[in-house]
*Asks:* 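The structure under discussion is supplied below as structure tokens; questions concerning it will follow.
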Amino acid sequence: MNWQAIDGRTEYMRNPLGLDEKAPRFFWKLRSDERSASQSAYRILVASSLEALADDAGDMWDSGEVASDRTTHIVYEGKPLQSEGQYFWKVRSWNRDAVASDWSDAYFWTMGLLRRDEWKGSWIGAKAQPNVELQPSPYVRKPFRTSGKVRRATVYATALGLYELHLNGRRIGDWFAPGFTDYDKRVQTQAYDVTPWLHDGDNVVGAVLGDGWYAGTVGFLGNHVYGERPFFLLQMNIEYADGNRESVETDAGWRTATGPIVYSDMIKGETYDARLELTGWDQPGYDDSGWDRPDVRAGYNGLLTASIEPPVRVTQQLKPLSIRQTERGTYIYDMGQNMVGWTELRVSGARGTKVTLSHAEMLNPDGSLYLDNLRVAVQQEHYILKGEGEERYEPHFTFHGFRYVELIGYPGEPGLDTIVGKVVHSDTPKSGSLRTSDAMVNQLISNISWGQRGNFLSVPTDCPQRDERLGWTGDAQIFARTASYNMDVSRFFTKFMWDMIDCQQPSGAFTDVAPDAGWIRHKMWNTRLNWFAPDNAGWGDAGVVIPWTLYLMYGDTRILETHYGAMVRWVEYLRANSNELIRPDYANYGDWLSIDADTPNEVLATAYFAYSAKLLSRIAGALGKRGDEETYASLHRSIGDAFVRAFVSEDGRIRGETQTVYVLALQFDLLTERLRELAIGHLAENIASRGGRLSTGFLGVGYLLPALTDNGRLDVAYGLLTQEEFPSWMYSIKHGATTIWERWDGWTEHKGFQTPSMNSFNHYSLGSVGEWMYRYMGGIEADPSAPGFKRAIIRPRPGGGITEVEASYASLCGTYESSWTLNGEGVFTLRVAVPANASAVVHVPGSSIVADGRPAEAGKTSFELGSGVYAFESRLGDQGD
Ligand code: RAM
């Protein structure tokens, strides 16, 4: 029977440390080799020790046998969880025949420091420097002794700035901790189990501090946005086998010095002088008598919250494809992929030799690095050799977006193995995969996923190379659904919602950028960039779209409950600031970077207002708030009516007559049935009149193919997908793109590069077509009535000359697969896999359907399936379905 609960998770994570969630949620998956396997009941045991758990004792919680088919978001309801508590759990599941599985493996989690007064340390940093723009990174250290056998040692740490934790000569943890938050409001803390790394007797704990988003350059907002220099807070709690406890924490007794990192800035790169290395600084026995006492910061008024975001990690290493010497005697490498992270250098040479690594996304026509689009960003490292044999170097608190690397000043002749590219991003595990028979479509899929990898770094950034790299909310919302197919972004976006909440204005407006990095606080938008406003249409709406997406894709109702009030405030803000339900748009983004098509702001803004209201109604429904569900549904209808009155003519033409106005009106459900039909006709005509090409910008593009497909124009949708003439996705691919460009015309044959003041080659927004590829081409669609893929709708739509698609999606409930082929005779085959304890409604296109080897009843095209693997065959006409 093979019925088994597997892959247990706590708060979406495998065995997490240092949670501050007092009612954590449990998740598991089910394994079964039977068809239509389902769970009839479960029992969870939570114990305070592994021994107790092994004895089947749930001294913290025994859920009892609960009749339920749920396996996700099961809320802990046991005894109160304690600070630093270590908890173990397991689950047993009963199948529909009431046969029990074995107990699952044991899983665990720990709690962090739950009360502020449990943080005993002080914030320490280097003394203030004379006013320098780029300052050296401080090293801080503390020797300490352990006395006896250590049972468990945990480090809790954070920084206003960035920190790299060291213990006894070992670097511990990930990159760019504690992540980007609005430090005026909160900072995340991390927990590390360091038990294995403690020595008997003498030990040293320390850290290297970086300016990061706190004190370094943030986007185009300059440096010192939150503070002038970084500060570090650490507490190591040690429990001995004999029950004694001790702690080591940051205080005035630590020592600090500067070392080889002359500066390291997110936007400005790094200079590292290896001659200044503090060899052995993080080990016992090092003489720190020349080091200073640290500066102790008075305190911190923001919240200390356990880290929600997934850690930033190096997830892949890329070797360069080629190397070429330039006339200047430098070398230019091609990594073969526009990537984000940095390069590691291997070099031997004389002490004092300076080697520079310079990074760029593109090459100029003369073969040199195209640096113009970086604005004030400097994607360079300068490394000064110590001259002691082979030296290896990678930077610390900076990252770059690049495909090409220029090596300047290298002593000797470099080879392909002189550098290696390190791919760096928030470690959101891959959850989707898509492969087709069309090589260019596959390249587009790859470009979209590289765009995500390059820009999901603590926050969803717009781009990784120029002096921007900010959490633009419009970009994030339009791409959120695509992102959640590609990778598990549950916690990444849960964290980002806090960033949005921290910036929500007293009026209820959600901002364009989160964290806003003091943009609004300093009223910079008035002075520097007067087009900025805190409530742009399609940007602020992210405050509703993102929680809804998390609910749909992961079944998370807590995110809806937590932010319900904030979402209501947003929609009420829009209502209060509209004129008879027509929403003005004060800023000028409109359908940002559309091409040769200006969507009137009011039309776009009113459509988005309606969409926010509609989603809020559904959210209220999901939370059982029937009154609000009706209130916001009727608000949505009223906005739709106002929209039609103000902007739609009798013949279904919508003001502006851009593709985007039709797409939004169709997708946000603003039209009557009659107007809908007219609108789809106008949309298709507009596309045809442009030679089968699109004109949509960031906001229209995400819904363009869905709107066409939902309204019977799959052929037009595929035409746009596979269009190779400018502007199109394939145009960039034909010209070598390996990521999604910010602009359709970032580079064109007729004009060359667009204006360097805004020309990123790694912006994911126009890649929001990824969603359509999963939902429609692959056919794996979420069912809002069973969110989190407890049930899926499988409805592949063949077309576009594509003969084969393989799609899969690893949901919280297990992995769905939908793979199809279409041969020259119009024979369509479909293979569907549905995970245990889940179900799917499968819609098979075409006629003469054979399901699982048997002819289906005439006229039957949809099939309700339980778990298992199924095969279908049908015959298609010329047009797909
Ligand atoms: C640009 C950003 C971003 C966009 C805004 C409106 O500067 O790159 O992608 O959301 O402007």
Side-chain angles (χ1 to χ4, degrees), residues 217 219-220 266-270 316 318-324 326 330-343 356-381 395 398-408 419-425 443-444 446-457 461-470 472 475 593 729 731-749 751-767:
T217 314
F220 41 66
M266 290 280 188
I267 302 279
K268 300 281 178 69
E270 177 170 312
Q316 193 181 344
L318 285 189
K319 293 193 174 136
L321 291 187
S322 66
I323 176 175
R324 149 176 82 79
T326 68
T330 64
Y331 295 85
I332 293 185
Y333 288 91
D334 180 0
M335 305 305 295
Q337 172 65 50
N338 195 359
M339 57 168 280
V340 174
W342 52 78
T343 41
T356 296
L357 290 156
S358 188
H359 302 79
E361 293 182 294
M362 302 286 268
L363 296 177
N364 288 313
D366 67 359
S368 59
L369 295 193
Y370 171 71
L371 301 170
D372 298 355
N373 68 339
L374 300 181
R375 304 198 304 219
V376 310
V378 181
Q379 300 206 104
Q380 288 187 344
E381 272 79 63
T398 189
F399 66 94
H400 315 304
F402 63 99
R403 171 171 171 169
Y404 300 97
V405 185
E406 183 165 12
L407 185 59
I408 305 163
I419 63 163
V420 59
K422 303 256 175 125
V423 177
V424 178
H425 54 95
Q443 184 65 46
L444 177 59
S446 167
N447 292 7
I448 294 168
S449 107
W450 275 99
Q452 182 167 348
R453 295 177 77 186
N455 282 296
F456 277 35
L457 197 149
T461 64
D462 56 329
C463 60
Q465 71 299 84
R466 68 176 177 231
D467 57 339
E468 189 140 357
R469 315 185 196 183
L470 293 171
W472 284 95
D475 308 39
L593 303 183
W729 290 283
Y731 182 78
S732 70
I733 289 174
K734 247 183 14 191
H735 294 286
T738 58
T739 36
I740 300 290
W741 297 350
E742 176 176 26
R743 329 176 67 124
W744 296 114
D745 58 353
W747 183 91
T748 55
E749 284 154 303
K751 282 200 188 136
F753 287 117
Q754 245 283 7
T755 167
S757 64
M758 218 187 76
N759 201 18
S760 149
F761 289 93
N762 195 356
H763 243 72
Y764 52 67
S765 299
L766 298 178

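Everything numeric in this text was worked out from a predicted model, so none of it was measured.
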*Asks:* For a quick check under 3.5 Å, do E361 and N762 share a side-chain donor-acceptor pair by atom type?
*Replies:*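 The answer is no; no qualifying pair exists.
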
*Asks:* Compute whether any side-chain donor of one residue and acceptor of the other, for E270 and T398, lie under 3.5 angstrom apart.
*Replies:*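 Note: E270 and T398 side chains miss the donor-acceptor criterion.
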
*Asks:* Of all heavy-atom pairs between Q379 and F399, which one has the smallest distance, and what is that distance?
*Replies:*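 Nearest heavy atoms, Q379 then F399: OE1-O, 4.4 Å.
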
*Asks:* Would you indicate whether the side-chain heavy atoms of Q316 and M339 approach each other to under 4.5 Å?
*Replies:*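 No, every pair of side-chain atoms sits at 4.5 Å or beyond.
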
*Asks:* side-chain hydrogen bond (donor to acceptor under 3.5 Å, both in side chains) between T356 and Q380: does it pass, once the steps are laid out?
*Replies:* CA-CA 7 Å; T356 296; Q380 288 187 344; 5.8 Å; no

*Asks:* Is the NZ or CZ atom of R403 positioned over F761's six-membered ring, under 6.0 angstrom from the centre and within 45° of the axis?
*Replies:*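 That pair does not qualify as a cation-pi contact.
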
*Asks:* Counting C-beta onward and ignoring hydrogens, is there a side-chain heavy-atom pair between R324 and Y404 closer than 4.5 Å?
*Replies:*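 Not touching, per the 4.5 Å side-chain cut-off.
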
*Asks:* Between the side chain of T738 and the main-chain N/O of N338, is any donor-acceptor distance below 3.5 Å?
*Replies:*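 Yes; judged by distance alone, with no hydrogens or angles, the pair exists.
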
*Asks:* What closest approach, in Å, do L457 and T461 show between heavy atoms, and which atom pair accounts for it?
*Replies:*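 Smallest interatomic distance, heavy atoms only, reads O-CG2, 4.4 Å.
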
*Asks:* Kindly determine whether F220 and I267 satisfy side-chain contact (heavy atoms from CB on, under 4.5 Å), including the steps that lead there.
*Replies:* CA-CA 9 Å; F220 41 66; I267 302 279; over 6 Å; no

*Asks:* Just verifying a value: how many Å separate S732 OG and D745 CG, rounded to the nearest 0.5 Å?
*Replies:*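 Between atom OG of S732 and atom CG of D745 there are 11.5 Å.
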
*Asks:* Looking only at non-hydrogen atoms, find the nearest pair between R466 and D462 and report the distance.
*Replies:*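 Looking at all heavy atoms of both residues, the shortest contact is NH2-OD2, 3.9 Å.
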
*Asks:* Kindly compute the distance separating NE2 (H763) from CG (D475), expressed to the nearest 0.5 Å.
*Replies:*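 Going from the NE2 atom of H763 to the CG atom of D475 covers 5.5 Å.
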
*Asks:* Compute whether any side-chain donor of one residue and acceptor of the other, for E381 and H400, lie under 3.5 angstrom apart.
*Replies:*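 Judged by distance alone, the side chains do pair up.
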
*Asks:* Any chance you could measure Y370, atom OH, to L363, atom CG, to the nearest 0.5 Å?
*Replies:*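 The CG atom of L363 is 11.5 Å from OH of Y370, to the nearest 0.5 Å.
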
*Asks:* Keeping the roles fixed (side chain from D467, backbone from A377), state whether a donor-acceptor pair exists under 3.5 Å.
*Replies:*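 No; judged by distance alone, with no hydrogens or angles, the pair does not exist.
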
*Asks:* Could you tell me whether a side-chain N or O of Q465 sits under 3.5 Å from a main-chain N or O of G401, the two making a donor and an acceptor?
*Replies:*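 Looks like no, no N/O pair under 3.5 Å.
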
*Asks:* Return the CG to CG distance between L369 and L374, rounded to the nearest 0.5 Å.
*Replies:*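 Output value for this atom pair is 9.0 Å.
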
*Asks:* In Å and rounded to the nearest 0.5 Å, what is the CG to CG distance from D372 to N364?
*Replies:*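 Those atoms lie 6.0 Å apart.
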
*Asks:* State, with a plain yes or no, whether a side-chain heavy atom of T343 is found less than 4.5 Å away from one of Y333.
*Replies:*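 No, side chains not in contact.
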
*Asks:* Can you find a heavy atom in the side chain of W342 that is under 4.5 Å from one in the side chain of L357?
*Replies:*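 W342 does not reach L357 side chain to side chain.
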
*Asks:* Is a donor from one side chain sitting under 3.5 angstrom from an acceptor on the other, for S757 and T755?
*Replies:*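 There is such a pair between these side chains.
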
*Asks:* Can you tell me how far apart CH2 (W729) and CH2 (W741) are? Round to the nearest 0.5 Å.
*Replies:*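 If I round to the nearest 0.5 Å, the distance is 14.5 Å.
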
*Asks:* What closest approach, in Å, do E468 and R375 show between heavy atoms, and which atom pair accounts for it?
*Replies:*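 Residues E468 and R375, closest heavy atoms: OE1-NH2, 2.7 Å.
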
*Asks:* Give the intermediate values and the outcome of ring pair (Phe, Tyr, Trp, His ring centres under 6.0 Å) for residues F456 and Y764.
*Replies:* CA-CA 10 Å; F456 277 35; Y764 52 67; 5.6 Å; yes

*Asks:* Do the side chains of L371 and V378 get nearer than 4.5 Å, heavy atoms only?
*Replies:*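 No, their side chains stay 4.5 Å or more apart.
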
*Asks:* Using a 3.5 Å distance criterion without hydrogens, assess whether the side chain of N447 forms a donor-acceptor pair with backbone atoms of I733.
*Replies:*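 Such a contact is absent between N447 side chain and I733 backbone.
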
*Asks:* Taking the side chain from R743 and the backbone from M758, do they hold a donor-acceptor pair closer than 3.5 Å?
*Replies:*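 Confirmed, R743 side chain pairs with M758 backbone.
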
